[in-house]
Amino acid sequence: MKYEIIDHTADVCIRVYGKSIEELFKNAATAMMELITDTGKVETSQAVEIKAEGETPEELLVHWLEEILYTHQVKKMVFKDFEIINLSKNQIVGKALGENIDPDKHDLHHDIKAVTYHNLRIENLNDKLKVDIVFDI
Amino acid sequence: MQEDIKLVKIHDYLWEIPKKGGMRVPGRIYASEKMLKVIKEDKSLEQVINVAHLPGIQKYSIAMPDIHWGYGFPIGGIAAMDIDEGVISPGGVGYDINCGVRLMRTNLTEEEVRPKLRELVAELFNRVPSGVGASGKIKLSRNDYKEIIEKGARWAIERGWGESEDLERIEDHGTFPGGDPDAISARAFERGSDEIGTLGSGNHFLEVDVVEQIYNPTIADAFGLFKGQVCVLIHCGSRGFGHQICSDYIDKMLSYMRREGINLPDKQLACAHIKSKEGRDYLAAFAAAVNYAWTNRQIIMASAREAFYKVFGIGPKDLGGELVYDVSHNIAKFEEHKVNGQIKKLCVHRKGATRAFPKGHPLVPEVYRDVGQPVLIPGDMGRASFVLVGTEAALEETFGSSCHGAGRVLSRSKAIKSGRDRDLFKELEEKGIIVMAKGKKTVLEEMPEAYKDAEEVCDIVHNAGIAKKVAKLRPIGVVKG
């Protein structure tokens, strides 16, 4: 399982898994986009470079998701897939693959105001990594 | 479940969490025994305890009956900080800075509006952009931003969206001082540039309501309300501009806390001392977003007036579309309050809580100084909203604050699951409520059953004395994002 939606009264919480830190970041981005729109209807005709920095892995994760959210909201794009090009301790460079929003094709379900730090902790389980992320809706 | 949190009963509507561990003050929750059971089902009481850890917090970490699990602060929480030793927390205000509610009265009655209700709701829906990523007709230049940051709602009025009298009925006359464009990121300007005059999505709405019941005729009269009257209730905030400012400053404050060695139970409580550079910079950016939100609600109200003029073929005088009041419920305010018998200047965080000042208070607008400040409590889209008035007891006990809404009980995913086979538009129409929405999913998420009954919440604050009921509003038309 890449991710699941966890009950949260006011906002939306997702539990994301990954076999590696790269996969965790990729799955978190995909999960966030699936909250926003039906990614089955998104073509990957354009690629946008996404860069972020952070002092801790958790801050890096929040900033990575915020960069994608910003590109979605301001450049009016939706994404289906993500590639991690380089992920180091304090920096990530990746690609978001998608297209411009077409109101006839893409229904937007959620207006994510922000990615929060609420109880955010990347946990190392036996064979995978796990993190719960709360989005302010 | 939070069964293990110890609660001491103070009276039928007030409970205390005694100070323990790193808590600097006790927690206090306004709730009935029945509502407390619901509150205990999520993690909001744990969040009341976490807030009690913040440096400089005074008296109590307070929660209202509509409290529910947020991020960092609970939604429905109040925390007042000493301005010398205390902190300001962007999460304690919320991402949607100065999210709030405004109520506009009219001279029209339900009988007059009902025959053209569908046309009215459609006109409102067309004039007020709503939904995820809604763009408005207004594109803000850097100079527009500069003026909005300085003037707030006055900027909109100078451009024809409203009357100068409107300013007398907004907290702080619709202008929050101290905003500084240099404290704001390019990204925040970019996110907010086409969103002014738009509702957004989630729990934001524009409602056509009817005054169904008057509890206090003298005060209702002072507020311009009468039974059978049609009103408009608007709920929204500072859109992407405020969201980005909050995100930017949470990061700056996490660095500040690391540097200063401040440890808190939840990172989302990120904060900085009010007098630090980070604190002052946040307040300068925050003030700008407060002014943006007031401008936003001002433009939306002006659009609502235009919709009534068009549908009913009447002018401003016949409509009598006057602003009753505009309250902020995601906010931090510098106010004077009594602590241990002494008057102190404090920074009061109201995260999902409304100011509720009594008559005679200098910060209550002159038009209401003899009766007290209107407190506006929106309900869900199928049930009533309420108008209350601030009290002396609120000033004594809750830093002059009261509840802000119904408060969620069902998560969004549970609401969607339980409503999958229902036609909520039809169900509400059968109850006489016409709903128009951009997103069908939003309507399911916002279904009445997803919320506590605002009436129960208002009864608790009324019985506890921290606001008094004045009027009950019943929805007949709803515009959602």
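The chains referred to below are lettered A, B, ... by the order of the sequence lines, with proteins before strands, and numbering in each begins at 1.
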| request: Pick whichever of Leu108(A), Asp136(A), Ile137(A) has the most heavy-atom pairs under 4.5 Å with chain B. | output: Asp136(A)
| query | Of the backbone (N, CA, C, O) and the side chain (C-beta and beyond), which part of Val62(A) lies under 4.5 Å from a heavy atom of chain B, both, or neither? | reply | neither
| message | Tell me whether the NZ or CZ atom of Lys130(A) lies within the 45° cone about the ring axis of Tyr3(A) and under 6.0 Å from its centre. | response | no
| Is the cationic atom of Arg142(B) (NZ for Lys, CZ for Arg) positioned less than 6.0 Å from the six-membered ring centroid of Phe189(B) and within 45 degrees of its normal? | yes
| task | For chain B, find which of Val134(A), Ile101(A), Asp11(A) contributes the most heavy-atom pairs closer than 4.5 angstrom. | result | Asp11(A)
| message | Do Lys351(B) and Tyr95(B) form a cation-pi contact, if we require the NZ or CZ to be under 6.0 Å from the six-membered ring centre and within 45 degrees of the ring's axis? | response | no
| task | Taking only Lys NZ, Arg NE, NH1 and NH2, and the carboxylate oxygens of Asp or Glu, determine whether Glu123(A) and Lys128(A) approach each other closer than 4.0 Å. | result | no
| said: Check Lys26(A) with Asp81(A), please: is the shortest side-chain N to carboxylate O separation under 4.0 Å? | reply: yes
| Side-chain touch Val409(B)/Thr9(A), heavy atoms, less than 4.5 angstrom | no
| Under 4.0 Å between a Lys/Arg side-chain N and an Asp/Glu carboxylate O for Glu43(A) and Lys80(A)? | no
| query | What residue, out of Lys440(B), Glu445(B), Gln244(B), has the most heavy-atom pairs lying under 4.5 Å from chain A? | reply | Glu445(B)
| request: Can you tell which part of Ile75(B) gets under 4.5 Å to a heavy atom of chain A, answering side chain, backbone, both or neither? | output: side chain
| request: Select, from Thr56(A), Thr116(A), Val74(A), Ile112(A), the one with the greatest count of heavy-atom pairs under 4.5 Å involving chain B. | output: Thr116(A)
| field | Greatest number of heavy atom pairs closer than 4.5 Å to chain A - which of Lys438(B), Lys414(B), Arg258(B) | value | Arg258(B)
| message | Between Asp111(A) and Arg239(B), does any NZ, NE, NH1 or NH2 come within less than 4.0 Å of an OD or OE carboxylate oxygen? | response | yes
| field | Those residues of residues 190-198 of chain B, ordered by number, that approach chain A below 4.5 Å (heavy atom to heavy atom) | value | Glu190(B), Arg191(B), Asp194(B)
| query | Any idea which of Asn203(B), Asp251(B), Thr442(B), Leu269(B) has the most non-hydrogen atom pairs under 4.5 angstrom with chain A? | reply | Asp251(B)
| Is the NZ or CZ atom of Arg187(B) both under 6.0 Å from the centre of the six-membered ring of Tyr70(A) and within 45° of that ring's axis? | yes
| Which one, Glu59(A), Glu58(A), His72(A), Gln73(A), leads in non-hydrogen pairs under 4.5 Å with chain B? | Glu59(A)
| Trp64(A): what forms a side chain to side chain donor-acceptor pair (under 3.5 Å) with it, not counting sequence neighbours? | none
